[in-house]
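Have a look at the structure below, then the notes.
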2 protein chains.
Amino acid sequence: MREGPDIARIASLVGDPARANMLSALMGGTALTASELALEAGVSLPTASSHLSKLMEGGLLTLASQGRHRYYGLAGPQVAGMIEAITGVAEAVGPKRVRPGPRDAAMRVARVCYDHLAGEQAVAMLDRLVDRKVLLRDDKEIRLGHSAAAHFSALGIDVEAKARRPVCRACLDWSVRRSHLAGTLGAAILDKILAEKWARREKDSRAVVFSPGGRRQFERVFLG
Amino acid sequence: MREGPDIARIASLVGDPARANMLSALMGGTALTASELALEAGVSLPTASSHLSKLMEGGLLTLASQGRHRYYGLAGPQVAGMIEAITGVAEAVGPKRVRPGPRDAAMRVARVCYDHLAGEQAVAMLDRLVDRKVLLRDDKEIRLGHSAAAHFSALGIDVEAKARRPVCRACLDWSVRRSHLAGTLGAAILDKILAEKWARREKDSRAVVFSPGGRRQFERVFLG
DNA sequence: GCGACACTTCGAGCACGGTCGAAACATTGC
DNA sequence: GCAATGTTTCGACCGTGCTCGAAGTGTCGC
């Protein structure tokens with residue numbers, strides 16, 4: 001029996017799929033709440049809470065309480081580096097990943113992430129909005145550009161409306177490894193897409209499926 | 001549910017104590033057999049074999065068959081880097097390690113590692129033998145010095161005796177993070193220590209306990 | 001060939017840990 | 001104060017996977 005640091009303890013914390021998903025979600029750098037992490041991991045709130053307390057006890061997370069919101073984040077760059085290293089090995093040894101089925105393909109294109117859109121479409125949208133300087137991205141932070149108010153009010157979205165949550169936030173999209181738009185603006189855009197019936201949510205899934213016409217509308221407005 | 005590489009799968013492979021011990025043992029760089037790894041991990045041979053096939057399937061190990069010996073080694077530097085990263089986090093977050101009890105203290109001083117001596121005494125012995133140029137250490141490899149034959153034959157150990165296993169081998173000692181002496185010479189020295197009754201093996205443990213007189217003899221011969 | 005050795009596979013037992021619903025707790029807003 | 005919201009704790013269920021003894025497979029030495 002070897003001695004030394006208890007590496008099995010740490011590795012087994014990462015070794016549960018739900019916890020691994022949570023940690024991957026937190027690799028984006030932004031702290032998330034228990035509810036958001038439960039959604040990301042695909043488990044119920046009590047289960048997520050249990051996992052989070054284990055990760056806390058293991059020293060892998062930090063907790064910032066703000067009123068009734070509790071934001072969980074990675075404990076530090078060392079932990080992030082470890083996740084990176086594990087991800088690298090998983091990528092290297094696991095190109096034998098199961099071929100994505102039709103449902104997974106839909107998820108890859110567009111899906112709900114908490115209350116906003118994720119997937120290839122969402123990543124393309126954010127890229128285009130930044131290109132057009134509607135939004136400004138410095139590093140990890142996203143801010144409104146000068147034309148943002150006019151641009152979004154034309155769509156019936158009031159970006160000036162004060163909200164407790166940040167208006168814009170970057171959210172790392174694992175399927176394409178790029179950020180997409182979160183925050184109240186991201187939520188408002190998803191609302192718009194669903195309200196206009198450009199797309200509908202797949203039942204019992206996070207996939208978002210665009211209708212042919214809806215896709216054209218979406219691309220005209222956001223990717224044009 | 002996030003997509004991307006299956007990091008939980010890899011992490012859970014490392015997350016079992018037996019497998020973690022095996023991987024730590026292999027961090028020394030030398031490939032080991034299933035029996036040696038079973039001893040290191042403190043599990044039976046069937047259990048070890050099962051773990052090894054899982055690690056193989058997960059792509060974390062390579063296997064070199066040589067006759068009826070099968071040497072397992074880490075699959076590559078990327079895997080080693082991952083173990084390093086996990087070890088680093090475990091060290092950082094886990095200084096709350098349980099205080100070693102009396103039995104653990106004995107293990108730390110001297111214990112059996114397969115068929116040779118490990119622990120602080122063994123590390124000190126190798127250091128001294130290298131200082132006196134009885135053994136020569138380049139990097140990870142250990143060779144016999146010119147005075148080795150004379151030195152050991154005085155102790156009744158024939159280093160010229162041909163053996164299938166290498167005469168000298170470095171074996172990483174986790175409790176002190178330094179190498180100690182393995183191979184047939186390491187085995188012969190342990191035999192000598194036990195035959196001369198300088199020390200005895202603790203029952204149901206790998207600890208080796210020196211008698212006061214035996215310790216003096218050992219230190220005179222190997223640390224003098 | 002045969003025995004000895006190194007290792008793997010099989011089968012069954014068992015415990016740990018993940019899971020969720022319901023309920024308790026905490027904080028905010030009215 | 002009370003209702004609404006976000007989160008944790010409790011209790012019970014259930015499955016995965018770790019474990020070992022015994023038997024089977026393959027390789028070496030004589």
Side-chain angles (χ1 to χ4, degrees), chain A residues 1 6 8-23 31-58 60-73 114-115 162-165 184 187 204, chain B residues 1 6 8-23 25-26 31-58 60-73 114-115 162-165 184 187 204:
Chain A
M1 239 101 51
D6 196 349
R9 186 172 120 82
I10 301 301
S12 67
L13 281 174
V14 188
D16 176 82
R19 286 193 293 261
N21 282 331
M22 292 174 169
L23 291 167
L32 300 171
T33 66
S35 316
E36 289 170 310
L37 289 166
L39 264 162
E40 278 296 335
V43 294
S44 71
L45 248 162
T47 301
S49 182
S50 157
H51 285 307
L52 289 169
S53 54
K54 274 170 191 151
L55 289 170
M56 284 295 296
E57 199 182 353
L60 265 46
L61 298 185
T62 53
L63 176 57
S65 285
Q66 286 180 20
R68 60 180 162 186
H69 294 269
R70 313 189 74 191
Y71 289 94
Y72 289 93
Y114 190 43
D115 59 359
K162 54 197 166 298
R164 210 159 283 114
R165 289 173 58 200
T184 53
D204 291 331
Chain B
M1 239 102 49
D6 196 348
R9 186 173 120 82
I10 300 301
S12 66
L13 281 175
V14 189
D16 176 83
R19 286 192 293 262
N21 283 330
M22 292 174 168
L23 291 168
L26 292 171
L32 300 172
T33 66
S35 317
E36 290 171 308
L37 289 166
L39 266 164
E40 279 295 335
V43 295
S44 72
L45 244 163
T47 302
S49 181
S50 157
H51 286 308
L52 288 169
S53 55
K54 275 171 191 153
L55 289 170
M56 284 295 295
E57 199 182 354
L60 265 47
L61 297 185
T62 53
L63 174 58
S65 285
Q66 286 181 20
R68 60 181 163 185
H69 295 268
R70 313 187 75 192
Y71 289 94
Y72 289 93
Y114 190 42
D115 59 1
K162 53 198 166 296
R164 210 159 285 115
R165 290 172 58 200
T184 52
D204 291 330

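To find a chain, count down the sequence lines: A is the first, B the second, and so on, and within it residues start at 1.
- We find that CG of A:Asp16 is positioned 17 Å from P of C:dC16, with the value rounded to whole Å.
- Side-chain N/O atoms of A:Thr47 include one lying less than 4.0 angstrom from OP1 or OP2 on C:dC20.
- At least one side-chain nitrogen or oxygen of B:Lys54 sits closer than 4.0 Å to the OP1 or OP2 atom of D:dC18.
- Counting to the nearest Å, the P atom of C:dT8 and the CZ atom of B:Arg70 are 5 Å from each other.
- What you find for B:Tyr72 and B:Leu26 is that their closest heavy atoms are O-CD2, 3.3 Å.
- Comparing D:dC20, C:dT19, C:dC7 by their closest approach to the side chain of B:Val43 singles out D:dC20.
- Of all the heavy atoms in A:Ser50 and A:Ser53, the pair that sits closest is O-OG, 2.8 Å.
- In this entry the distance linking CZ of A:Arg19 with P of C:dG17 reads 9 Å, nearest Å.
- Atom CG of B:Leu13 is separated from atom C1' of D:dT16 by 14 Å (rounded to the nearest Å).
- For D:dT19, one of the phosphate oxygens OP1 or OP2 lies less than 4.0 angstrom from a side-chain nitrogen or oxygen of B:His51.
- Looking at B:Arg19, its side chain never comes within 3.5 Å of a backbone N or O of B:His51 through a donor-acceptor pair.
- Taking atom OH on A:Tyr72 and atom C1' on D:dT7, their separation rounds to 8 Å, with Å as the unit.
- Between B:Ser50 and A:Ser12, the one whose closest nucleotide on DNA chain C sits nearer the 5' end is B:Ser50.
- For the pair B:Met22 CE and C:dC7 C1', the interatomic distance rounds to 12 Å; values are reported in whole Å.
- At least one side-chain nitrogen or oxygen of A:Ser35 sits closer than 4.0 Å to the OP1 or OP2 atom of D:dT7.
- In this structure, the CG atom of A:Leu45 is 18 Å from the P atom of C:dA24, given to the nearest Å.
- Put simply, CG on B:Leu52 is 18 Å from P on D:dG17, counting in whole angstrom units.
- Heavy-atom minimum distance, B:Ala41 versus B:Ala18: CB-O, 3.6 Å.
- Residue B:Met56 comes nearest to B:Leu63 through the heavy atom pair CE-CB, 3.7 Å, listed as atom of the first residue, atom of the second, then distance.
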